[in-house]
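Numbers here simply count residues along the sequence, with the first being 1. When reading the values below, keep in mind they use all heavy atoms of this one structure, side chains included, and skip hydrogens, waters and symmetry mates.
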Amino acid sequence: MSDPKPQSMDGNAAAAHSAYLLSDVGVLYPITPSTPMCQHFDEWSQAGRKNLFGNVPEATELQAEGGVAGTLHGAAVTGNLTSTFTCAQGLLLMIPNMYKVAHEMLPVVFHVSSRLIAYHAMSIYNDHSDIYACRDCGFAMLCANSPQECMDMSSIAHCAMSKTMIPFMHFFDGLRTSHVIQKVVPVRDSTLRTMFDYENIQKWRNERSMNPEHPTMRGCVQNNDIFWGTTELTRPKFEAIPDVVEGLLRQYNELEGREYHVVEYVGPATAKHVVVIMASGASTMEETLRYLLSQGETEVGLLKIRLFRPFPTKYFIDALPATVERVCVMDRTQQATAIGEPLYLEILAALQQNERTRAIRVIGGRYGVGGYEFNSMTARAIFDNLKATAPRHRFNAGITDDLHNTSLPIGPKFTAVPEGTVQCLFYGMGADGTVGSSKNAITLIGDNTDLNVQGHFVFDAKKTGGYTFCHLRFGPQPIQSEYEIYESDYTACHQANYVHQFDIGSTIKPESTFVLNSP
């Protein structure tokens, strides 16, 4: 069988691809930045595209997220493989139903391009406040770091759900991973047929779905003498999830040739200082780590978390080098009333459960809150702080916090971008064609050459009439630079007045090309 041809697509399209193939029903309501997943699902359904089981999935759009939650609950109860796509406040509106869906063990998968929850203000940009708000609902939570991983983790989420009958939430960073264009190798249909446990789904339909042919009791009221005991009956199923997901990831590697683990370590086996992180920030940290290792660094490492809930404590401990003395846990959220952010508390608890790791010092930090830029200089500052004699705890990595003095000092500019990578930066205005033409350009390069590509598009909430910045990279080596370009080989300004509004010169590399579209 020939290998699938790589295609240029963003994370939303990659996630929707696998979701469509493994769903009977898609329950939709658009919300930025998850809307494109809804659009893809709806368009494919209207075009009559069949799923893996030879049927055309039904796409149903509701008028609010509350309706989505109720509809997907009803669709799943009656035996339909059900998917939805959401984030932020839309996700929060579904929480009451999520508790029911999870503990009734229904065939549901959420795909979430994570976005900041509105606090004192609303924002369309990314952090993990929305997915953290759902961490106790009972959903298994699986993370993707790139568009390729969106394709792969989406597939794993649906296959793991089919084996465990526990709903999954597959999440990735909104307006970063969700909208960045890269080369993605589609998963083979044969792989999904091998890994998806359709027999288990059919068994569930025959025994437990809502059907007058085999009536079951559900939604009852239980008193204090019964409720606790019945909840303990399902606990082994939840505890088995890390082993099931790890087994599927290994099987996926055998079939597709892409290696993943529920917890993945990168760095020397003798590292003393390890950073723990998940989602797109892990790619930036890995790129920076590889640069530091090339400069002679030997004491730092990186642990990437893929399965957040249930937390895979055993795999985390096994992945941690025996030489580790300090661990820094990075959370992409800020929780004002908590003693620590969610991933930090998870890691702290995991380390205390093993005698070998109880003495490890754990510090926590925040990064990228509200979509704040997270680049190689910030990543290096995190490693430097971890190695310091007196490392800061609960620090902010990125912003300059002159109020509470919690921010890390950011060192001089350097580049960890792979050698040979060409970086292009385009300044435009919403609806002037800059974004569309940039997307076409990077897609053409990706689909018609052997080069790796990356297209990231920044725009403000006004969209039409607002500013747009298009960051394009292409080169022979894999690109893990999940941040904006700050050393451009080619810079084009399509609005002449921008030279007075933005510090365009600061991103132009010496002896590079600058094009000004002047009236």
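Just one of Leu249, Leu307, Val245, Asn145 meets the side-chain contact (heavy atoms from CB on, under 4.5 Å) condition when paired with Met153; it is Leu249. Here the rule is ring-ring contact (aromatic ring centres under 6.0 Å, His included) with His158, and of His17, His170, His111 only His111 fits it.
Atom OG1 of Thr177 and atom CG of Asn126 lie 7.5 Å apart (nearest 0.5 Å). With rounding to the nearest 0.5 Å, the separation of CG in Leu255 from CG in Leu192 is 9.5 Å. If you take CZ on Arg218 and NZ on Lys100, they are separated by 9.5 Å, rounding to the nearest 0.5 Å. A distance of 8.5 Å separates CE in Met9 from NE2 in His40, rounded to the nearest 0.5 Å. Put simply, CZ on Arg135 and NE2 on His128 are 13.5 Å apart, with the number rounded to the nearest 0.5 Å. Atoms CD1 and CG, from Ile347 and Leu303 in turn, are 7.5 Å apart once rounded to the nearest 0.5 Å.
The main-chain N or O of Gln477 is found under 3.5 Å from a side-chain atom of Asn452 such that the two form a donor-acceptor pair. With Thr84 contributing its side chain and Val27 its backbone, the two residues share a donor-acceptor pair below 3.5 Å. When atom types are taken as modelled, the side chain of Arg115 and the backbone of Thr32 share a donor-acceptor pair closer than 3.5 angstrom. Between the Asp173 side chain and the Ser280 main chain, a donor and an acceptor come within less than 3.5 Å of each other. Panel note: side chain Arg309, backbone Met169; no donor-acceptor pair is recorded below 3.5 Å. At distances below 3.5 Å, at least one donor-acceptor pair connects side-chain atoms of Thr234 with backbone N or O atoms of Thr231. A donor-acceptor contact shorter than 3.5 Å is absent between the side chain of Glu256 and the backbone of Val187. Ser45 places no side-chain N or O within 3.5 Å of a backbone atom of Phe41 that could act as its donor or acceptor partner. At least one donor-acceptor pair closer than 3.5 Å links the side chain of Asp130 to the backbone N or O of Ala88. A donor-acceptor distance shorter than 3.5 angstrom exists from the side chain of Thr78 to the backbone of Ala75, with no hydrogens or angles considered.
Side chains of Gln335 and Tyr344: a donor-acceptor N/O pair is absent below 3.5 angstrom, by distance only. The closest side-chain donor-acceptor pair between Asp152 and Tyr252 falls under 3.5 angstrom. Looking only at atom types and distance, the side chain of Asp243 has a donor-acceptor partner in the side chain of Tyr315 under 3.5 Å away. No side-chain N or O of Thr82 forms a donor-acceptor pair with one of Asn80 less than 3.5 Å apart. Side-chain N/O atoms of Thr443 and Ser8 include no donor and acceptor closer than 3.5 Å.
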Could you walk me through whether Leu351 and Ile317 pass side chain to side chain contact (heavy atoms under 4.5 Å, CB included), step by step?
-> CA-CA 7 Å; Leu351 292 174; Ile317 299 297; 4.0 Å; yes
Intermediate values then yes/no, side chain to side chain contact (heavy atoms under 4.5 Å, CB included), Phe85 and Leu28 | CA-CA 7 Å; Phe85 313 92; Leu28 317 174; 3.7 Å; yes
Could you walk me through whether Tyr483 and Glu287 pass the side-chain hydrogen bond (donor to acceptor under 3.5 Å, both in side chains) check?
-> CA-CA 11 Å; Tyr483 49 86; Glu287 180 191 62; 2.7 Å; yes
From CA spacing to verdict: side-chain hydrogen bond (donor to acceptor under 3.5 Å, both in side chains), Ser162, Asn200 | CA-CA 7 Å; Ser162 73; Asn200 194 42; over 6 Å; no
Side chain to side chain contact (heavy atoms under 4.5 Å, CB included) between His179 and His456, worked out = CA-CA 7 Å; His179 282 63; His456 174 56; 5.9 Å; no
For side chain to side chain contact (heavy atoms under 4.5 Å, CB included), just list the numbers for Ile485 and Arg473, CA-CA rounded to whole Å, side-chain angles, deciding distance to a tenth of an Å, and then say yes or no.
-> CA-CA 9 Å; Ile485 292 170; Arg473 293 183 175 100; 3.6 Å; yes
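Side-chain contact between Val108 and Met161: absent, with no pair of heavy atoms (C-beta onward) separated by less than 4.5 Å. Phe171 places a side-chain heavy atom less than 4.5 Å from the side chain of Met278. Counting only heavy atoms from C-beta outward, the side chains of Ile166 and Met105 approach each other to under 4.5 Å. Using a 4.5 Å heavy-atom threshold, the side chains of Ser155 and Thr191 count as separate. For the pair Ser178 and Ser34, the minimum side-chain heavy-atom distance is 4.5 Å or more. The closest side-chain heavy-atom distance from Asp127 to Tyr372 is not below 4.5 Å. Residues Leu116 and Tyr125 are not in side-chain contact: their nearest non-hydrogen atoms beyond the backbone lie 4.5 Å or more apart. No side-chain heavy atom of Tyr291 sits under 4.5 Å from any side-chain heavy atom of Ser376.
In this structure, Ala76 and Leu106 approach most closely via the heavy-atom pair CB-CB, 3.8 Å. The two residues Ser481 and Val417 have their closest heavy-atom pair at OG-CG2, 3.6 Å. Listed here is the closest heavy atom pair of Pro310 and Ile241: CD-CG2, 3.7 Å. For Ile95 against Cys137, the heavy-atom pair with the smallest separation is CG2-SG, 3.9 Å. Scanning both residues, Cys134 and Met141, for their nearest heavy atoms gives O-SD, 4.4 Å. Between Pro6 and Val185, the shortest heavy-atom distance links the atoms CG-CG2, 4.1 Å.
With sequence neighbours excluded, the residues satisfying salt bridge (Lys or Arg N to Asp or Glu O under 4.0 Å) with Lys304 are Glu264, Glu286.
Aromatic pair His103/Phe238: ring centres closer than 6.0 Å. Ring pair Phe196/Phe53: centre-to-centre distance below 6.0 Å.
A salt bridge links Asp24 to Arg205: at least one charged side-chain nitrogen sits closer than 4.0 Å to a carboxylate oxygen. The existence of a salt bridge linking Glu199 and Lys203 is excluded, since no basic side-chain nitrogen approaches an acidic carboxylate oxygen closer than 4.0 Å. A salt bridge links Arg306 to Glu149: at least one charged side-chain nitrogen sits closer than 4.0 Å to a carboxylate oxygen.
Using cut-offs of 30° and 60° for the angle between ring planes, the Tyr367 and Phe374 rings count as tilted.
Atom CG of Asn448 has more than 12 neighbouring heavy atoms from other residues, nucleotides or ligands inside a 6.0 Å radius. No more than 12 heavy atoms of other residues, nucleotides or ligands sit less than 6.0 Å from atom CD of Gln63.
Within the structure, salt bridge (Lys or Arg N to Asp or Glu O under 4.0 Å) contacts touching residues 40-62 (residues at least two apart or in different chains) do not occur.
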